[in-house]
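Scroll down for the structure; my scribbles are underneath it.
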Amino acid sequence: MTLHTLKAMFDPATRVDHAIQAAHAFQPALNAMVSFIDPQDQLEALTHIDPSAPFYGIPVALKDLVNMKDTRTTGSSKILDNYISPYDATITRKLREAGAIIIGKASCDTFGMGGTNKTAATGPVHNPYDLSRMSGGSSGGSAALVAAGVVPMAIGTDTGDSIRKPAAFTGIVGLKPTYGRISRYGVIPYASSLDHVGCFTRNVTDAAATLKVLAGRDDKDMTSSTLPVEDYPALLKGDLKGKRIGILTNVIDSISNPTVRTQFEALVEQLSAQGALVTRVTLNDALMKALLPTYYIIANAEATANHANLDSLRFGVQVPGADNEETMRLSRTAGFGPLLRKRFVIGSYALFVENQERLFRKAQRVRRLVVEDLKAALSQLDVIIAPASGGVAPLLEGGPKTDELSGEYLIAENYMVMGNFSGYPSITIPMGFENGLPLGINLTAKAFDDANLLDIAYGIETLTGLKNLVAKVNA
Ligand code: GLN
């Protein structure tokens with residue numbers, strides 16, 4: 001169901017009521033929500049909104065990193081368990097102005113750090129297609145809600161692949177637009193040079209409609225772009241003829257799963273048959289293998305700095321000590337789980353004066369080389385494409401152990417961080433299924449070529465017919 005058909009079906013109060021009931025009904029199975037929001041005030045405010053507004057009376061969910069005045073925003077952490085937002089994020093304001101009714105906050109890995117949603121203070125989110133599997137992370141709750149049909153759109157954030165990976169694992173569309181396209185004011189940061197706001201939807205048209213609502217310059221976010229916002233939905237033509245599509249060989253060559261390879265190659269054939277100009281592009285393999293370690297150094301260093309304000313002195317859950325110093329230490333020790341503590345140690349270590357040159361600055365130089373390599377490849381292309389993951393969503397517990405130094409893990413499972421290094425727009429859409437579990441394909445385009453990216457994704461979606469998928473949850 002698209003935003004459009006949903007709007008034609010029920011009145012706002014009924015639509016919102018259905019969504020809230022579904023979210024409650026699925027909560028024991030999916031564990032996707034952290035907090036519910038009473039929609040009454042928002043429904044009443046609709047009297048001031050034009051009924052033709054794109055989200056008029058449409059229920060949506062926010063990742064639990066997005067502030068909304070007078071609601072609980074915990075970042076799926078323990079330390080902000082009691083935090084009530086004193087203001088709206090810019091995207092929250094824009095959604096409200098477009099008529100959206102925000103029904104709650106969706107679970108994520110704590111402060112967006114992780115790829116499993118297992119670090120959320122409220123526990124893991126389950127995949128709507130198979131409850132023993134993860135829905136990915138960090139925006140796992142948002143993805144699960146959209147895939148289960150609870151809401152047609154949920155906000156996510158993406159610092160490494162946190163929208164695009166969960167979208168693949170749950171059979172939906174996940175859009176991370178160009179860095180600077182959507183304001184991040186009021187969104188709890190992870191790593192500021194890599195953080196993006198984006199969305200999950202069940203089709204490309206809704207992603208385009210959402211981007212049109214959210215995009216634009218915001219003086220409260222100095223990284224937001226002044227470039228004009230385009231009419232993304234109107235620009236969807238879906239004609240693949242003449243589109244220059246580069247297959248990222250490093251990724252496809254590193255994947256061992258034959259189903260993923262076969263389905264991907266079959267899609268590539270179809271693209272050529274549609275008149276797309278398909279070529280193979282190979283990036284520097286050593287740089288591809290360096291993506292993840294480089295990401296960890298930059299992301300954790302920035303996270304360490306960003307989260308230094310979580311001292312529990314002014315806000316947050318406090319464990320009182322003899323003085324401020326001790327209160328801070330006790331509160332932070334109690335408030336962060338093992339993964340965050342590890343990441344703060346890595347981040348601080350990389351920022352030590354004696355390590356800065358050999359770790360932090362080196363990582364920034366590697367990042368620059370990666371972006372130059374990607375930019376050169378894209379100068380001849382409209383998009384580069386590859387499977388979004390080497391396989392289906394992993395089991396939450398007891399899956400095969402991953403070799404984290406293998407080319408498959410370093411490249412196929414982590415290459416999408418290139419989109420964060422570069423800030424280039426990147427989208428995941430469904431590619432197919434393996435044993436009833438979704439597989440995704442990822443497309444990345446040049447900076448601010450979001451409209452073209454969406455158009456090509458729309459063309460592929462039309463070709464595969466894989467849209468508006470709704471998981472049957474065994475609740
Ligand atoms: N998996 C990555 C991490 O653990 C991505 C997180 C993200 O994009 N927020 O940091």
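Counting convention: from 1, in listed order, for ligands and their atoms alike. Model, not experiment: these values are computed from the prediction.
Residue contact annotation: G114 has a non-hydrogen atom under 4.0 Å from ligand 1. Ligand 1 lies nowhere less than 4.0 angstrom from a heavy atom belonging to Y296.
Using a 4.0 Å cut-off between heavy atoms, S162 contacts ligand 1 through both its backbone and its side chain. For D161, heavy-atom contacts with ligand 1 shorter than 4.0 Å involve the backbone as well as the side chain.
Counting only heavy atoms of the protein, atom 10 (O) of ligand 1 lies nearest to Y295 OH, 2.5 Å.
Of all atoms in ligand 1, listed by their number and element, those nearer than 4.0 Å to a heavy atom of G115 are 1 (N), 4 (O). Those atoms of ligand 1 that come under 4.0 Å of a heavy atom in G160, given as number and element, are 5 (C), 7 (C), 8 (O). The ligand atoms of ligand 1 that sit less than 4.0 angstrom from a heavy atom of G112 are 6 (C), 7 (C), 9 (N).
In this structure, R96 fails the cation-pi test against F55, since its NZ or CZ atom is not both closer than 6.0 Å to the six-membered ring centre and inside 45 degrees of the ring normal.
If you run side-chain hydrogen bond (donor to acceptor under 3.5 Å, both in side chains) between R184 and each of T223, T90, D195, D218, only T223 comes through.
The N/O atoms of K63, backbone and side chain alike, include none that comes under 3.5 Å of an N/O atom in ligand 1. Ligand 1 has a nitrogen or oxygen under 3.5 angstrom from a nitrogen or oxygen of R343. An N or O contact shorter than 3.5 Å is missing between D158 and ligand 1 by distance.
Side-chain atoms of F421 and T294, non-hydrogen and from C-beta on, do get closer than 4.5 Å to each other. Side-chain contact check for L466 versus M431: every heavy-atom pair is 4.5 Å or farther apart.
A salt bridge is absent between D382 and K446: the closest approach of a Lys/Arg side-chain nitrogen to an acidic carboxylate oxygen does not fall below 4.0 angstrom.
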Residues V173, F200; criterion side chain to side chain contact (heavy atoms under 4.5 Å, CB included); working and verdict:
CA-CA 6 Å; V173 173; F200 295 95; over 6 Å; no
What's the verdict on side-chain hydrogen bond (donor to acceptor under 3.5 Å, both in side chains) for N31 and T122, showing C-alpha distance, side-chain angles and the deciding distance?
CA-CA 8 Å; N31 196 28; T122 48; 4.8 Å; no
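Y185 and Y87 have tilted rings, their planes meeting at an angle from 30° to 60° on a 0 to 90° scale.
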